[in-house]
Amino acid sequence: MTEHNNVQTLNQFIIQRQADYPNASGELSRLLHHLGIASKIVNRAVNKAGLVDVLGAHGDQNVQGEDQQKLDVFADNHFINAMRASGECAAIASEENEEIIIFDDEMGRNAKYVFCMDPLDGSSNIDVNVSIGTIFSIYLRVSKKGELPTKEDFLQEGTKQVAAGYVIYGSSTMLVYTTGNGVNGFTLDPSIGEFCLSHPNIKTPKNGNIYSINEGNYINLPAGVKKYIKYCQEDDTKTNRPYTSRYIGSLVADFHRNLLKGGIFIYPNTSKNSNGKLRLLYECNPIAFIAEQAGGKATDGTGRILKIKPESIHQRVPFYTGSLNMVKKAEDFLDFFNNI
Ligand code: P6P
């Protein structure tokens, strides 16, 4: 029997945090508990992906026109089922579904929250055993209880998020989330099947030397980004800390590494994609909430990600996030070259 002295499980943490808020009535706790269960189910499938028939294109295409891998669909279904079972979610916006999913039953109609998710981000990496992730964001609905939820429930500024986070299915599986009072990381202990608090109160370094961007897009990048990359590549003798490029093509994996070590992740607008590639509701907003709660920064190059008023649920935005001083430096280059 593994000794688990002083290890706090996700459920114990949620209950303890709920005790800190006497007026909390437990709905968010219940929703997070069901999220944890779905994460364990998806983790089991991801870990066995090479062994059982969940690999390969599902044949359909998602709203982004990307081939749906079976694991994408599997993850989408299980997180939808978990939110329905929680009884605390009224509707879902998912990368895998063009329209919002409404729980039009007694529980759903009276639920307080709506849920945005990318159920399995980085899915093109599934077949090559690279870390992938689930990204989620939770809002209080603006529609009235008892009425049907609408898209307006999802078109809220990121500052209105009540919780957000991600699961990273990597060398270990971690759930990292915030409810606006700091960022905490939980590592799945397979021997007991529980997420255990392993990274309490995560703070991201204010400076770092990792820059993460797909340099294959170089010729299509804005001038300011090209100049920032050049700045990173020059051996900055003042600090004698040459930068290093790390890019794995999986947002959760790239962001999580930089969160812990210090770094900047950039997916800018390009001459091919005027709004960049990443989606505001279920990629940029939740990651931005985590970044800011950990002492970092997240912008679209001109302003705070969390202050953007969404216009559609699959809206894309340019994304710069990570260590505070690195994002500020990148913005300086953008400001200069956008205004010459
Ligand atoms: P590119 C994965 O498809 C994803 O949405 C993110 O996880 C990742 O950061 C990005 O796209 C990678 O895009 O164009 O560099 O392959």
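FYI, side chains are in, hydrogens and waters are out, and symmetry mates aren't considered; it's all heavy atoms of this structure. None of the values given here were measured: they were computed from a predicted structure. Counting convention: from 1, in listed order, for ligands and their atoms alike.
- Set against the non-hydrogen atoms of Lys277, the atoms of ligand 1 under 4.0 Å away are 1 (P), 3 (O), 10 (C), 11 (O), 12 (C), 13 (O), 14 (O), 16 (O).
- Of the options Ile266, Asp300, Ile305, Leu280, a side-chain contact (heavy atoms from CB on, under 4.5 Å) to Phe319 is made by Ile305 and by none of the others.
- Listed by number with element, the atoms of ligand 1 under 4.0 angstrom from any heavy atom of Phe265 are 9 (O).
- Using a 4.0 Å cut-off between charged nitrogen and carboxylate oxygen, Lys112 and Glu88 do not count as a salt-bridge pair.
- Counting heavy atoms only, Asp121 comes closest to atom 5 (O) of ligand 1 of the residues Asn273, Asp121, Thr270.
- Residue contacts with ligand 1 do not include Asp254, since none of its heavy atoms lies under 4.0 Å from the ligand.
- Shown here are the side chain to side chain donor-acceptor pair (under 3.5 Å) partners of Thr134, two or more places apart in sequence or in another chain: Tyr169.
- By the criterion of a heavy-atom distance under 4.0 Å, neither the backbone nor the side chain of Phe319 is placed next to ligand 1.
- When only interatomic distances are considered, the shortest N/O to N/O separation between Ser250 and ligand 1 does not fall below 3.5 Å.
- Summarising the geometry of Leu221 relative to Thr270, their closest heavy-atom pair is CD2-CG2, 4.1 Å, with the distance given to 0.1 Å.
- In terms of heavy atoms, Gly262 sits closest to Ser323 at CA-OG, 3.3 Å.
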Verify side chain to side chain contact (heavy atoms under 4.5 Å, CB included) between Arg304 and Thr159, making sure each step is shown before the conclusion. CA-CA 10 Å; Arg304 192 179 169 204; Thr159 53; 4.0 Å; yes
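- Considering backbone and side-chain atoms together, Ser124 places no N or O closer than 3.5 Å to any N or O of ligand 1.
- Between Asn275 and Asn269, the side chains place no donor N or O within less than 3.5 Å of an acceptor N or O (distance only, hydrogens not considered).
- Ionic pairing of Arg246 and Asp254 is not present here: no N-O contact between side-chain nitrogen and carboxylate oxygen is shorter than 4.0 angstrom.
- Of all the heavy atoms of Asn214, the ones lying under 4.0 Å from any atom of ligand 1 belong exclusively to the side chain.
- Within ligand 1, counting atoms from 1 as listed, the ones closer than 4.0 Å to a heavy atom of Leu251 are 6 (C), 7 (O), 8 (C), 9 (O).
- Every atom of ligand 1 is numbered from 1 in the order shown, and the set under 4.0 Å from a heavy atom of Glu283 is 5 (O).
- Distances below 4.0 Å separate heavy atoms of Tyr247 from the following atoms of ligand 1: 1 (P), 12 (C), 13 (O), 15 (O).
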